[in-house]
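A short write-up of the structure that comes next.
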Amino acid sequence: MIADRPNSESPRIGIIGAGPAGLTAAFQLGKAGVPAITWEADHEYVGGISRTVVYKGYRFDIGGHRFYSKSKEVEDLWREILPDDNDFLLRQRLSRIYFKGQFYSYPLDLAEVVHQLGKRQSALTLGSYLKARLFTFSTPRNLEDWVTLKFGRRLYRMFFKSYTEKVWGMPCSEISADWAAQRIKGLSLSRAALHALRPRREAPPGAAAGRQQEIKTLITAFRYPRLGPGMLWEAAAEKTVRHGGVIQMGARVVSLERRPGPGWRVGLEQQGRASQVDVEHLICSAPLGWLVRTIQPRLPADVLAAAGSLQYRDFITVALIVRPQVSFKDNWIYIHDPDLKVGRIQNFANWSPEMVPEPGTACYGMEYFTSQSEAFWHRSDGDLIALASRELEVLGLVRSGDVLDAAVVRQPRAYPVYDDAYRTRRELIRHALLVDCPNLHVVGRNGLHQYNNQDHSMMTAILAVRNILAGRTLYDLWQVNQDAEYLESDSPPASSQPG
């Protein structure tokens with residue numbers, strides 16, 4: 001538990017959420033001598049989706065988080081928070097795709113694909129790829145179009161369609177092409193082939209040479225905190241408090257009132273008590289849809305409608321503690337099988353041996369993508385554990401009797417959904433916040449409704465702090481891309497960033 005400390009510094013800055021974005025902002029402000037107050041709804045854990053849950057000494061990551069960034073600034077900040085050489089492990093990535101009863105290395109190993117598909121199927125797949133690359137000139141309208149144009153229809157069906165539709169709960173034809181353009185940016189079949197045919201030793205993450213040329217999908221080495229990603233965010237929280245910041249756990253923000261000045265009055269519920277806090281600046285990493293609907297006086301009706309239409313995908317991890325009779329070396333496996341509900345499997349000991357306390361045991365994270373509106377979200381823990389155990393047996397990764405214990409973690413609003421209308425809605429909200437909400441700074445994955453990695457979330461927070469300390473808008477936070485790089489906007493910054 002993180003102890004509160006009194007904060008009498010001015011200006012008062014409030015931060016909603018103690019995930020990567022919120023804690024980065026709090027940590028940076030504390031170092032600058034401007035402590036902030038951070039409200040986190042969780043009673044126990046900081047780190048948001050990057051937290052590490054502990055169950056009977058077993059530690060598991062909610063989703064799997066590689067520590068690699070093209071931003072040296074973010075890499076340096078990780079090292080500043082966890083400076084000991086033993087804090088980070090250098091891990092070699094091993095991940096595979098399960099498709100039609102066989103496992104395929106990912107990134108794809110072409111020799112393996114040819115061997116397992118057979119020469120005829122491989123030739124048809126190559127023909128499909130060449131047809132897409134040479135004879136198709138249309139502009140992709142959705143994710144299905146984008147992947148098909150880039151890889152061919154057969155590869156799309158084999159290695160993209162089933163898993164992607166599990167994640168998002170909708171047909172690929174209804175998902176924005178933006179998602180693929182960001183998540184698979186720079187990757188092509190020819191580059192994957194070159195990577196497979198010419199393997200090379202990966203430079204340690206953090207090395208400057210070649211960082212900007214790397215494709216994140218193909219990164220084969222990364223760093224990982226030895227006690228999971230939560231280790232980093234717990235250290236960030238402790239150092240923030242030492243710098244004079246306040247982190248209130250179990251504090252739920254229930255109202256946000258725009259005040260003259262400008263400023264914000266924040267309504268809170270904590271341990272059954274209601275309170276209000278006035279702040280000059282407000283940094284928000286909570287979901288953008290919730291933020292817009294919570295602000296008073298209410299924003300225009302079309303903006304509220306846009307916020308209400310933003311969609312989120314929820315996430316369940318069933319952590320199975322096993323004494324395996326079979327073993328696998330993967331960090332994680334993607335399950336491209338529509339007959340199995342599980343979408344991805346984490347092997348936590350292969351991220352860090354210290355995640356698993358008892359020798360001879362393993363902990364596998366069975367990941368299920370769902371929505372709170374679906375019956376699956378509301379299934380009992382016992383039902384979910386039984387399902388996960390059965391599916392792990394079907395995959396041949398455990399045998400009957402291997403599962404010793406289990407825990408279930410539900411993560412609401414884990415992923416903002418990139419449907420075909422999200423960009424229009426987001427732009428409408430962005431403009432309204434700029435015009436009507438001075439001194440509001442939205443950061444992070446959910447705050448910007450942009451499905452990206454924790455280094456992106458951290459960079460938005462770093463730039464928000466710079467804007468606050470400068471007393472003016474130097475950076476448009478909506479211009480930070482997936483690689484935690486700031487993209488110069490064509491318009492003046494002051495016309496594009498709220499506050």
Discussion item. Could you check whether any side-chain N or O of Thr317 sits under 3.5 Å from a backbone N or O of Ala319, counting only pairs where one atom can act as donor and the other as acceptor?
Written reply: no

Item to complete: Check the pair Phe151, Phe159 against side chain to side chain contact (heavy atoms under 4.5 Å, CB included), reporting the backbone distance first and the verdict last.
Response: CA-CA 10 Å; Phe151 299 101; Phe159 296 127; over 6 Å; no

Item to complete: Answer with yes or no whether the side chains of Tyr58 and Asp405 bring together a donor and an acceptor at under 3.5 Å.
Response: no

Discussion item. Quick check: do Asp330 and Phe103 have side-chain heavy atoms less than 4.5 Å from each other?
Written reply: no

Fill in: Derivation and outcome, side chain to side chain contact (heavy atoms under 4.5 Å, CB included), residues Val409 and Tyr55
CA-CA 10 Å; Val409 176; Tyr55 174 75; over 6 Å; no

Practice prompt. Give a yes or no answer on whether the side chain of Asp402 reaches the backbone of Pro324 with a donor-acceptor pair at less than 3.5 Å.
Written response: no

Worksheet item: Can you tell if the side chain of Phe348 reaches within under 4.5 Å of the side chain of Arg59, non-hydrogen atoms only?
Response: no

Practice prompt. Look only at the side chain of Ser69 and the backbone of Ser71, and say whether a donor-acceptor pair between them is shorter than 3.5 Å.
Written response: yes

Worksheet item: Under a 4.5 Å cut-off applied to non-hydrogen side-chain atoms, are Gln372 and Pro412 in contact?
Response: yes

Practice prompt. Check whether any side-chain heavy atom of Glu165 lies under 4.5 Å from a side-chain heavy atom of Pro171, and answer yes or no.
Written response: yes

Worksheet item: Do NZ/NE/NH1/NH2 and the carboxylate oxygens of Lys239 and Glu80 come within less than 4.0 Å?
Response: no

Discussion item. Can you tell me how far apart CD (Gln346) and CD1 (Ile333) are? Round to the nearest 0.5 Å.
Written reply: 10.0 Å

Worksheet item: Using the benzene-type ring in the case of Trp, are the ring centres of Phe99 and Tyr106 under 6.0 Å apart?
Response: no

Worksheet item: Can you find a side-chain donor-acceptor pair between Gln411 and Arg51 that sits under 3.5 Å?
Response: yes

Item to complete: Check for a donor-acceptor pair, side chain of Ser128 on one end and backbone N or O of Leu124 on the other, with a separation under 3.5 Å.
Response: no

Fill in: Result of checking Leu392, Leu384, Asp381 against Val318 for side-chain contact (heavy atoms from CB on, under 4.5 Å)
Leu384

Worksheet item: Any side-chain donor-acceptor pair under 3.5 Å between Asp61 and Tyr224?
Response: yes

Worksheet item: Is the shortest heavy-atom distance from the side chain of Trp290 to the side chain of Asn446 under 4.5 Å?
Response: no

Discussion item. Check this for me, if you would: do Arg379 and Glu374 make a salt bridge, where the nitrogen-to-carboxylate-oxygen distance has to be below 4.0 angstrom?
Written reply: no

Practice prompt. Grab the two heavy atoms, one from Thr164 and one from Ile175, that are nearest each other, plus how far apart they are.
Written response: CG2-CD1, 4.1 Å

Worksheet entry | Atom pair CD1/CZ of Ile81 and Phe27 - distance to nearest 0.5 Å | 5.0 Å

Item to complete: May I ask you to decide if the ring planes of Tyr334 and His336 are parallel, tilted or perpendicular, using 30° and 60° as cut-offs?
Response: perpendicular

Discussion item. Taking the six-membered ring for Trp, are Phe60 and Trp351 closer than 6.0 Å centroid to centroid?
Written reply: no

Fill in: Min side-chain heavy-atom separation Cys172-Tyr156 under 4.5 Å
yes

Discussion item. Donor-acceptor check, side chain of Asn142 to backbone of Ser173, threshold 3.5 angstrom: yes or no?
Written reply: yes

Fill in: Side-chain donor or acceptor of Gln454 paired with backbone N/O of His65 under 3.5 Å
no

Fill in: Intermediate values then yes/no, side chain to side chain contact (heavy atoms under 4.5 Å, CB included), Gln311 and Tyr422
CA-CA 8 Å; Gln311 299 183 62; Tyr422 94 99; over 6 Å; no

Item to complete: Could you label the plane-to-plane angle of the Tyr415 and Trp168 rings as parallel, tilted or perpendicular, counting under 30° as parallel and over 60° as perpendicular?
Response: perpendicular

Worksheet entry | Side-chain donor-acceptor contact under 3.5 Å, Arg426 with Gln450 | yes

Worksheet item: Hey, what's the ring geometry for Tyr368 with Phe376, parallel, tilted or perpendicular (30° and 60° as the breaks)?
Response: tilted

Worksheet item: Okay, side chain of Thr38, backbone of Gly17: is any donor-acceptor separation there less than 3.5 Å?
Response: no

Item to complete: Measure the shortest side-chain to side-chain distance between Val398 and Leu320 over non-hydrogen atoms and say whether it is less than 4.5 angstrom.
Response: no

Worksheet item: Could you go step by step and tell me if Phe328 and Leu94 meet the side chain to side chain contact (heavy atoms under 4.5 Å, CB included) rule?
Response: CA-CA 10 Å; Phe328 63 99; Leu94 177 60; over 6 Å; no

Response to the item:
Of Val443, Leu463, Ile462, the one forming a side-chain contact (heavy atoms from CB on, under 4.5 Å) with Val480 is Leu463

Discussion item. To the closest 0.5 Å, what do you measure between CZ (Arg66) and CG (Asp455)?
Written reply: 10.5 Å

Practice prompt. State the CE-CG distance between Met458 and Asn453, to the nearest 0.5 angstrom.
Written response: 12.0 Å

Worksheet item: Hey, does the side chain of Lys166 reach the backbone of Arg344 with a donor-acceptor pair shorter than 3.5 angstrom?
Response: no

Item to complete: Look at the aromatic rings of Phe369 and Tyr163 and report parallel, tilted or perpendicular, splitting at 30° and 60°.
Response: perpendicular

Worksheet item: Between Arg313 and Val167, is there a donor-acceptor pair closer than 3.5 Å when you use the side chain of the first and the backbone of the second?
Response: yes

Discussion item. Can a donor-acceptor pair be found, under 3.5 Å and without considering hydrogens, that links the side chain of Thr52 to the backbone of Gly230?
Written reply: yes

Discussion item. Whether Arg323 and Glu358 form a salt bridge (side-chain N of Lys/Arg under 4.0 Å from carboxylate O of Asp/Glu) is what I want to check.
Written reply: yes

Worksheet entry | Gap separating the CZ atom of Arg226 from the OG atom of Ser352, nearest 0.5 angstrom | 8.0 Å

Worksheet item: Any side-chain heavy atom of Asp476 sitting closer than 4.5 Å to one from Arg430?
Response: yes

Discussion item. Please check if the number of heavy atoms outside Arg157 that lie under 6.0 Å from its CZ is greater than 12.
Written reply: no

